[in-house]
Amino acid sequence: MINHAAILEYMDRKPTSSPPPKRYRSPPDPCLPMSLPSIGVFSRDSSNPTGQSPSTHPIAGETHEGQRTLERSGVGKPWEVLRAVENKDVLYLMEVRDHAFHALVRPSGGVTPLIHAMRIGKSHHDVAITLVGAFSRYINHLEEEDFSKKETRPLLVALRGSLKVAIDYGLQSSQSDLLASFLQTLVMSEGDIWIQEQVKLVGTALRQGPSAHPVEVARSSIKRVATRALGKAPLIADLEDYISNATLDLLMMAAWNLALGSFPGERIPPYYFARDDRVYRVFTERLDRHRDVINRRLSGRLKSQLAALRSTLQGRAKSWHGKLELLASEFDDA
């Protein structure tokens, strides 16, 4: 729209030789969207006569009312999620992750979205990775107190169930490439309290010595998180490497906690657990920092265990599994 007020005012005046006043247009100021919704969103909205968008809720604290609202609007309906898996509609699955996370972990017709992707086959490998990534993201956004909240517990139970079924199915169908990721996410879902409990259990075995088989105690703690089928499974390199990495971390954290019984110091943070060599780096740094007090105050057995952990785990020439076998020959009775 153009403002003609200046022209009308000029026409009311007597004619003069001066030129008419110049009109100025307001400069354009367009507003463009950052991005467009996914195809799944357009498909859903085209069948929604109300045209209303679903309300959003934080994924760590979904309420039952929020879930019902989202399902009524189309986001999170089981058949929609399974269809998105089939169509490899990753953007729609991400929308479900953000607004109706429960729909990614709960079964529909006896099948979870993750198992559905695995059953379709290798063509949907990237969808399975997306779903496991969504599980991991959900867990990483939880605070420690969230693990015991009434509204979070059912989601964690469903998440663990989905991963355990996926591990068993992966073993049965020889789809082993994602098993390590499944187990890692499953262990993460247990929370820091679980890690601390296992560290205490392994510490008791270390204190008792080789007769208590501390390495086997630590390894069993990791495998017990999954299913019996995992304990009977043949050697799978990636999976065995993760189990060995986690087992060695439990041993280092337990040995260091025993050392702190003789002098003040900081525990190794549980969020370093089973993340490549993070625990080892912190472990060796603290051994160096407290070298004098370790030599003066610790028992001969504990000093020997700390030294064996340090020397066996250094370097990258051997795999985690190879290092664990070496340590087992020294820490456990045959």
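In this chain, residues are counted from 1 in sequence order. Quantities reported herein were computed from a predicted structural model and do not represent experimental measurements.
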Handout entry: All pairs passing ring-ring contact (aromatic ring centres under 6.0 Å, His included) where residues 275-319 contributes a residue, at least two apart
Key =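 Passing the test, one end in residues 275-319: Trp256-His290, Phe263-His290.
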With rounding to the nearest 0.5 Å, note down the distance linking [atom1] in [X] to [atom2] in [Y].
X      : Y      : atom1 : atom2 : result
Ile268 : Glu285 : CD1   : CD    : 10.0 Å
Leu324 : Leu326 : CG    : CG    : 9.0 Å
Ile167 : Ser176 : CD1   : OG    : 12.5 Å

Practice task
Start with the C-alpha distance between Asp98 and Arg137, add both sets of side-chain angles, then the distance that settles salt bridge (charged side-chain N to carboxylate O under 4.0 Å, His left out), and finish with yes or no.
Solution key: CA-CA 10 Å; Asp98 294 340; Arg137 178 182 180 274; 3.4 Å; yes
Practice task
Please check if Val293 and Leu302 belong to a single hydrophobic cluster, counting links between Ile, Leu, Val, Met, Phe, Trp and Tyr side chain heavy atoms closer than 4.5 Å.
Solution key: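 Yes, because Val293 and Leu302 connect within a single hydrophobic cluster, where side-chain heavy atoms sit under 4.5 Å apart.
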Exercise for the section: Give a yes or no on whether Val157 and Phe135 share a hydrophobic cluster (residues Ile, Leu, Val, Met, Phe, Trp, Tyr; joining criterion: side-chain heavy atoms under 4.5 Å apart). Expected result: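 In one cluster: no.
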Does [Y] offer a backbone N or O that forms a donor-acceptor pair with the side chain of [X] under 3.5 Å?
X      : Y      : result
Asp192 : Pro270 : no
Ser162 : Ala158 : no
Lys323 : Ser244 : no
Arg286 : Glu266 : yes
Ser220 : Glu216 : yes
Ser304 : Gly300 : no
Arg160 : Leu186 : no

State, yes or no, whether a side-chain contact exists between [X] and [Y] at a heavy-atom distance under 4.5 Å.
X      : Y      : value
Asn257 : Met253 : no
Asn245 : Asp277 : no
Val187 : Trp194 : yes
Glu330 : Gln305 : no
Val85  : Pro113 : yes
Leu250 : Phe273 : yes
Thr247 : Tyr242 : no
Leu159 : Ile139 : yes

Handout entry: Closest non-hydrogen atom pair between Ala212 and Ala205, with its separation
Key =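 Closest approach of Ala212 to Ala205: CB-O, 3.6 Å.
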Problem - Minimum heavy-atom distance Leu201-Ser221, with the two atoms named - result: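 Scanning both residues, the minimum pair turns out to be CD2-OG, 4.0 Å.
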Problem - Verdict with reasoning, Asp238 to Leu178, per side chain to side chain contact (heavy atoms under 4.5 Å, CB included) - result: CA-CA 9 Å; Asp238 288 346; Leu178 287 179; over 6 Å; no
Is the closest basic N to carboxylate O distance between [X] and [Y] below 4.0 Å?
X      : Y      : answer
Arg310 : Asp288 : yes
Asp146 : Arg153 : no
Glu86  : Arg83  : no
Lys200 : Glu197 : no
Asp249 : Arg278 : no
Arg316 : Asp276 : yes

For atom [atom1] of [X], is the number of surrounding heavy atoms from other residues, nucleotides or ligands below 6.0 Å larger than 12?
X      : atom1 : answer
Lys303 : NZ    : yes
Arg281 : CZ    : yes
Ile193 : CD1   : no

Handout entry: Derivation of the side chain to side chain contact (heavy atoms under 4.5 Å, CB included) call for Leu171 and Ile236
Key = CA-CA 10 Å; Leu171 291 170; Ile236 300 169; 3.8 Å; yes
Handout entry: Donor on one side chain, acceptor on other, Glu325 and Ser329, under 3.5 Å
Key =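 No pair is found: no donor N or O on one side chain lies under 3.5 Å from an acceptor on the other.
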Exercise for the section: Go through the side-chain N and O atoms of His125 and Gln175 and say whether any donor and acceptor fall under 3.5 Å apart. Expected result: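 On atom types as modelled, these side chains do not qualify, holding no pair under 3.5 Å.
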